[in-house]
Amino acid sequence: MSETPQSTDPGQVILIDKPLTWTSFDVANKLKHACKFKKIGHAGTLDPLATGLLILCTGKMTKQIDQYQAQEKEYTGTLVLGKTTPSVDLETAFDADFDTTGITPEQIQDAAEQLTGDILQVPPIYSAIRVNGERLYEKARRGETADRVEGGIKARLVTVSAFDVNTEHFPEVSFRIVCSKGTYIRSLVRDLGILLNNGAYMSSLRRTRIGAFRVEDAATIEQFIMTHHASLPDHLLTSE
């Protein structure tokens, strides 16, 4: 037979636990070359400084990407009060300090509750949204810090189903967030700091669930590549 597995393969859904510093594109590109996938895409970007569940689809299953992107997502992470960065995470240097004296656990809980439900959210300046054909983070990295309205960033309606906080290690606050497609966790962190008349940045983030898919069922990049190669006939392992 002259048919190859690629020509008959209907595609698959791959769950990867994305490592720190990798972009979502890095993961897709690595699997494409290591596993010789002709077509692969990811369903929902994770920032380089975030870890956790990344769904990738190959072949004909790439048609399902929009469906997976639309599903509810769950994150865990930590934020720190008293400092801010332009990117609202550790990609950029600290640019302001605030006194956290007097902030109570009850106030933090109340601020989180105000950011729960259907809310209007302004995406962070360091985001992949396109304005005039260019990603916002590209503008931000050049030092452009124009007003968000002038820059074309508009508030968008998102749904935050849960925003649980733990203040045991204040000023570090651990959190669990369940939210809709399009929600920026960094914006929630930024806005929580503003509601407290303070500042906040995100120190860690992990995506733990997308719809019914959980990170516990995901493989590392290396594990997936090894399993994929082990499933191939020997003559395909040596062919290019």
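Residues take their numbers from the sequence shown, with the count starting at 1.
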Run the salt-bridge test on [X] and [Y] with the 4.0 Å N-O cut-off and return the result as yes or no.
{"X": "R186", "Y": "D47", "value": "yes"}
{"X": "E72", "Y": "R209", "value": "yes"}
{"X": "R176", "Y": "E74", "value": "yes"}

ILVMFWY cluster, [X] and [Y] together (side-chain gap under 4.5 Å):
{"X": "L79", "Y": "I119", "answer": "yes"}
{"X": "L46", "Y": "I65", "answer": "no"}
{"X": "V88", "Y": "I177", "answer": "yes"}
{"X": "V165", "Y": "V189", "answer": "yes"}
{"X": "F224", "Y": "V215", "answer": "no"}

Would you confirm whether [X], through its side chain, and [Y], through its main-chain N or O, come within 3.5 Å as a donor-acceptor pair?
{"X": "Q121", "Y": "Y184", "value": "yes"}
{"X": "K63", "Y": "G59", "value": "no"}
{"X": "N198", "Y": "D99", "value": "yes"}
{"X": "K38", "Y": "K36", "value": "no"}
{"X": "S187", "Y": "T183", "value": "no"}
{"X": "T92", "Y": "S87", "value": "yes"}

Can you tell me how far apart [atom1] ([X]) and [atom2] ([Y]) are? Round to the nearest 0.5 Å.
{"X": "T227", "Y": "I14", "atom1": "OG1", "atom2": "CD1", "result": "11.0 Å"}
{"X": "S204", "Y": "L49", "atom1": "OG", "atom2": "CG", "result": "10.5 Å"}
{"X": "T51", "Y": "R207", "atom1": "OG1", "atom2": "CZ", "result": "10.5 Å"}
{"X": "I210", "Y": "L53", "atom1": "CD1", "atom2": "CG", "result": "4.0 Å"}
{"X": "M202", "Y": "I185", "atom1": "CE", "atom2": "CD1", "result": "7.5 Å"}
{"X": "S24", "Y": "L54", "atom1": "OG", "atom2": "CG", "result": "4.5 Å"}

Distance-minimising heavy-atom pair for [X] and [Y]:
{"X": "V158", "Y": "G182", "answer": "CG1-O, 3.8 Å"}
{"X": "P123", "Y": "R156", "answer": "CG-NE, 3.8 Å"}
{"X": "L196", "Y": "Q107", "answer": "CD2-O, 3.6 Å"}
{"X": "A200", "Y": "G193", "answer": "CB-CA, 4.1 Å"}
{"X": "V80", "Y": "S203", "answer": "CG2-OG, 3.8 Å"}
{"X": "K18", "Y": "V27", "answer": "CG-CG2, 3.8 Å"}

Margin query: Assess the residue pair I225 and H229 against the criterion (side-chain contact (heavy atoms from CB on, under 4.5 Å)); give the C-alpha distance rounded to whole Å, side-chain angles, the decisive distance to 0.1 Å, and a yes or no.
Written below: CA-CA 6 Å; I225 293 172; H229 285 174; 3.7 Å; yes
Can you check whether [X] reaches [Y] side chain to side chain, under 4.5 Å on heavy atoms?
{"X": "T78", "Y": "V173", "result": "no"}
{"X": "L205", "Y": "F175", "result": "yes"}
{"X": "T62", "Y": "I40", "result": "no"}
{"X": "L31", "Y": "I16", "result": "yes"}
{"X": "I108", "Y": "D110", "result": "no"}
{"X": "H33", "Y": "N29", "result": "yes"}
{"X": "D17", "Y": "R206", "result": "yes"}
{"X": "F25", "Y": "T45", "result": "no"}

Margin query: Please evaluate residues F37 and Q12 with respect to the criterion side-chain contact (heavy atoms from CB on, under 4.5 Å), reporting the C-alpha separation (whole Å), side-chain torsions for both, the decisive distance (0.1 Å), and the verdict.
Written below: CA-CA 10 Å; F37 293 130; Q12 60 181 303; 3.7 Å; yes
Next item on the list: I would like to know whether T76 and T208 meet side-chain hydrogen bond (donor to acceptor under 3.5 Å, both in side chains); could you show each step before the answer?
Entry: CA-CA 7 Å; T76 60; T208 53; 5.2 Å; no
Check: Which pairs pass ring-ring contact (aromatic ring centres under 6.0 Å, His included) with one or both residues in residues 57-98, sequence neighbours excluded?
Finding: Y68-F213, F94-Y201
Item checked: Selection residues 44-64 - residue pairs positive for ring-ring contact (aromatic ring centres under 6.0 Å, His included), sequence neighbours left out -> none
Notebook entry, point to check: Would L81 and L192 satisfy side-chain contact (heavy atoms from CB on, under 4.5 Å), going step by step from the backbone distance to the final call?
Noted result: CA-CA 9 Å; L81 292 165; L192 183 122; 4.2 Å; yes
